[in-house]
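Not measured: the values here are computed from a predicted model. Below, read A as the first sequence line, B as the second, and so on, with proteins coming before strands; counting in each chain starts at 1.
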There are 2 protein chains.
Amino acid sequence: MSAKIKDVARAAGVSVTSVSRVINGGEHISEKLENKVRRAIEELNYSPSLIAKSLKRNKTNLLGVIIPDITSNFQATILSSIEDTAGKKGYNLLISNIVEDTDKVVKYLNIYHEMRVDGIILMHGKMNEEIRKFLERTSVPVVTQSDMGIPLTAVLINDYQGAYDAASYLINNGHRRIAMIAGDLRDISAGKHRLEGFLAACQHYGIEVGSSMIKYGDYKINTGYRLMNELLDEGSPVQAVFAASDEMAVGAINCLHDRGLSVPGDVSIIGFDGSQIADSIRPTLTTIRQPIEQIGKATVELLLELIESANDTIDARKFKKIFLQHQLHEGSSCRKLEN
Amino acid sequence: MSAKIKDVARAAGVSVTSVSRVINGGEHISEKLENKVRRAIEELNYSPSLIAKSLKRNKTNLLGVIIPDITSNFQATILSSIEDTAGKKGYNLLISNIVEDTDKVVKYLNIYHEMRVDGIILMHGKMNEEIRKFLERTSVPVVTQSDMGIPLTAVLINDYQGAYDAASYLINNGHRRIAMIAGDLRDISAGKHRLEGFLAACQHYGIEVGSSMIKYGDYKINTGYRLMNELLDEGSPVQAVFAASDEMAVGAINCLHDRGLSVPGDVSIIGFDGSQIADSIRPTLTTIRQPIEQIGKATVELLLELIESANDTIDARKFKKIFLQHQLHEGSSCRKLEN
DNA sequence: CTGAAAGCGCTTACAG
DNA sequence: CTGAAAGCGCTTACAG
């Protein structure tokens with residue numbers, strides 16, 4: 001068994017109170033006492049139990065993070081930024097990889113509550129009844145990264161505008177027959193808003209988009225591949241494709257490549273996210289770049305604000321939304337057509 | 001404040017002992033008492049504190065995972081498998097993304113100890129004095145995923161043989177001027193052993209490898225790009241390149257592409273890992289595929305064994321190594337040359 | 001500046 | 001089958 005604070009106190013010939021004080025600092029302590037304690041700690045190789053401390057202080061310095069799919073480079077990069085920011089502020093991360101399983105979200109939310117985490121980051125974007133109930137009744141601060149359809153603190157980008165910009169870019173470059181490989185409409189931010197922005201731009205410029213030009217997917221590479229195949233198989237004369245994620249865009253590019261079509265020679269592709277993969281393929285991907293690092297950082301900072309203002313009224317805490325700016329990044333996956 | 005066990009006991013008109021018993025199951029309890037308790041729990045929306053429970057039971061059901069770089073798809077996929085396996089066994093994950101900073105490893109190992117995690121998974125491969133000291137004196141079970149140069153439980157593949165196989169494949173396909181984009185020699189498994197396996201195969205087949213044909217990197221895409229550039233700039237007539245990671249292989253492919261060279265027309269590339277990116281680029285990457293899912297699963301299973309056998313002697317616990325089988329996966333990044 | 005004691009929210013022998 | 005009480009390893013008023 002490792003040493004407890006009592007063992008240190010005994011070895012140093014002081015009270016446990018004093019040992020606690022030298023460990024936690026703050027209060028004034030005589031140098032002599034401090035030295036005795038430090039020596040005893042060293043000798044016994046003592047390291048305090050954060051569990052006991054958490055119980056007493058009613059604060060764990062733990063943040064729970066629910067991430068839909070950690071193997072997505074976009075999400076992993078946000079998580080990395082979250083970890084970095086949280087670590088610097090003295091918080092540790094409890095993570096749960098949900099693999100798109102909405103039911104598991106509630107399970108882990110409950111576990112996080114039982115672990116008495118100080119706050120929760122919800123990267124997951126789909127809502128269901130149970131999640132809503134948890135979020136409405138819980139007293140633990142939560143920050144999300146998407147519009148969940150209920151009042152909740154969130155760090156967001158303007159997905160509608162991003163999609164609008166992507167479509168406008170294609171149109172301004174002369175494309176008329178434009179398809180979209182969209183997300184899941186149950187995701188309000190990444191699904192619904194991106195589709196709406198796309199459609200709005202098309203309408204604005206007088207471009208017709210038949211329903212056969214819209215496919216719905218789950219943001220993954222393989223899905224992009226499959227949906228691109230469907231578009232081609234159905235014989236729609238597609239000039240350009242807007243994908244709601246970079247990964248689906250990459251899948252689409254691979255599909256076109258495997259069918260002997262050139263990107264951007266035959267079809268232009270624009271993605272969404274600006275994750276690492278956009279620069280790791282050839283042609284490089286033109287995409288709507290999210291401020292990935294900043295999203296992670298802002299999420300943690302906002303969450304810590306909530307945690308520290310836990311005594312404020314609920315109302316003052318529930319409605320803050322931070323919008324970050326996206327940016328169109330030009331790769332070489334889009335062609336400029338002559339008009 | 002949320003309800004405590006005492007509140008439930010009072011509301012149900014029973015002792016806290018009984019409340020604890022119905023929550024944890026096991027002991028025989030009268031149906032009547034159980035019903036009263038369940039009702040009270042429901043009414044008060046009570047959820048027990050895992051912190052208090054952990055303190056009392058001296059078990060947190062927490063596993064600490066130190067991961068070098070979560071944005072690496074290879075590592076993220078292993079982590080995903082770890083999370084899945086651990087979750088099914090009732091363990092939660094505390095993770096620290098180390099971004100290749102060896103000093104942070106010790107910091108987080110200490111935090112994990114203070115959090116009284118039940119076990120630690122060390123994905124990081126580099127050793128230093130402080131890490132060694134921690135590992136030698138700690139009583140918390142640790143499983144690594146690389147040869148750290150000291151006796152430690154580990155889940156491994158045979159990196160030497162994998163590299164040997166990769167080189168043999170290139171040679172058997174007629175390549176003679178073969179370069180290697182190697183890892184960091186301080187990583188015994190991914191750095192040293194892969195280089196040694198490569199050199200051994202070359203020697204076996206009588207292929208000469210000048211020192212200018214070996215470059216050392218950090219497994220990342222950009223590094224592969226840069227090192228491929230160096231190889232070409234130095235004018236070595238390279239026919240084929242073996243990269244110690246898929247990501248470096250992708251970087252090399254991109255570099256060749258950007259310089260107008262064809263893969264595999266002009267240069268053949270073989271990678272190592274078998275991560276998702278190998279299938280997500282064109283040409284698809286020929287690579288030494290690691291059993292990624294199994295590595296994560298086996299790591300957790302081994303760790304839980306250690307945790308459950310914590311009463312056994314130290315000696316019986318320290319030396320177990322599990323070797324998993326790699327496999328050469330053919331993509332289309334290698335050319336078969338006529339001899 | 002220092003210490004004795006209560007208490008954080010649980011579990012678990014022990015006794016009945 | 002049920003409960004009173006001790007104790008897990010800390011922190012923190014309170015008193016001196």
Can you tell me which nucleotide in [options] comes closest to the side chain of [X]?
| X | options | value |
| --- | --- | --- |
| A:Asn24 | D:dT11, D:dC10, C:dT12 | D:dT11 |
| B:Leu33 | C:dG9, C:dT11, D:dT2 | D:dT2 |
| A:Ser30 | C:dC1, C:dC10, C:dT11 | C:dC1 |

Nearest-angstrom distance, [atom1] atom, [N] to [M]:
| N | M | atom1 | result |
| --- | --- | --- | --- |
| C:dA13 | C:dG9 | P | 23 Å |
| C:dG16 | C:dT12 | C1' | 16 Å |
| D:dT2 | D:dA6 | P | 23 Å |

### Message
Should the side chain of B:Thr17 and the base of C:dT12 be counted as holding a donor-acceptor pair, with the cut-off at 3.5 Å?
### Response
yes
### Under-3.5 Å donor-acceptor pair between B:Arg21 side chain and D:dG3 base
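Donor-acceptor pair under 3.5 Å: yes.
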Specify the separation, in whole Å, of atom [atom1] of [X] and atom [atom2] of [N].
| X | N | atom1 | atom2 | answer |
| --- | --- | --- | --- | --- |
| B:Lys59 | C:dC10 | NZ | P | 19 Å |
| B:Lys32 | D:dG3 | NZ | P | 11 Å |
| B:Lys53 | D:dG9 | NZ | C1' | 19 Å |
| B:Arg116 | C:dC10 | CZ | C1' | 18 Å |
| B:Lys36 | D:dC1 | NZ | P | 15 Å |
| A:Tyr46 | D:dC10 | OH | C1' | 7 Å |
| B:Asp7 | C:dC8 | CG | P | 11 Å |
| B:Asn58 | C:dA13 | CG | P | 14 Å |

Side-chain ion pair, [X] and [Y], N-O less than 4.0 Å:
| X | Y | value |
| --- | --- | --- |
| A:Arg38 | A:Glu42 | no |
| B:Lys88 | B:Asp84 | yes |
| B:Glu34 | B:Arg21 | no |

### Stepwise side-chain contact (heavy atoms from CB on, under 4.5 Å) check, B:Tyr91 with B:Asp118
CA-CA 9 Å; B:Tyr91 284 80; B:Asp118 293 335; 3.6 Å; yes
### Message
By the 4.0 Å heavy-atom rule, please label B:Ile29 as base, sugar-phosphate, or nothing.
### Response
sugar-phosphate
Does [X] put a side-chain nitrogen or oxygen below 4.0 Å from OP1 or OP2 of [N]?
| X | N | value |
| --- | --- | --- |
| B:Ser49 | C:dG9 | no |
| B:Arg57 | C:dT12 | yes |
| B:Ser18 | D:dT2 | no |

### Task
Test B:Asp184 against B:Asp218 for side-chain contact (heavy atoms from CB on, under 4.5 Å), laying out the working first.
CA-CA 6 Å; B:Asp184 185 326; B:Asp218 62 2; over 6 Å; no
### Message
Pairing check on D:dA4: which nucleotide meets the Watson-Crick or G-U wobble criteria with it, both distances under 3.5 Å?
### Response
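Across all strands, not a single nucleotide pairs with D:dA4.
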## Note on the structure
C:dA13 -> Watson-Crick or G-U wobble partner, both distances under 3.5 Å, gives none
### Message
Closest-nucleotide mapping onto DNA chain D: is B:Val16 or B:Glu34 further toward the 5' terminus? I mean the 5' end.
### Response
B:Glu34
### Query
Pick the nucleotide of DNA chain D nearest each of B:Lys56 and B:Glu31; which residue has the one closer to the 5' end?
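Result: B:Glu31.
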### Query
Do B:Tyr219 and B:Asp69 come within less than 4.5 Å of each other through their side chains, counting heavy atoms only?
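No - every pair of side-chain heavy atoms lies 4.5 Å or more apart.
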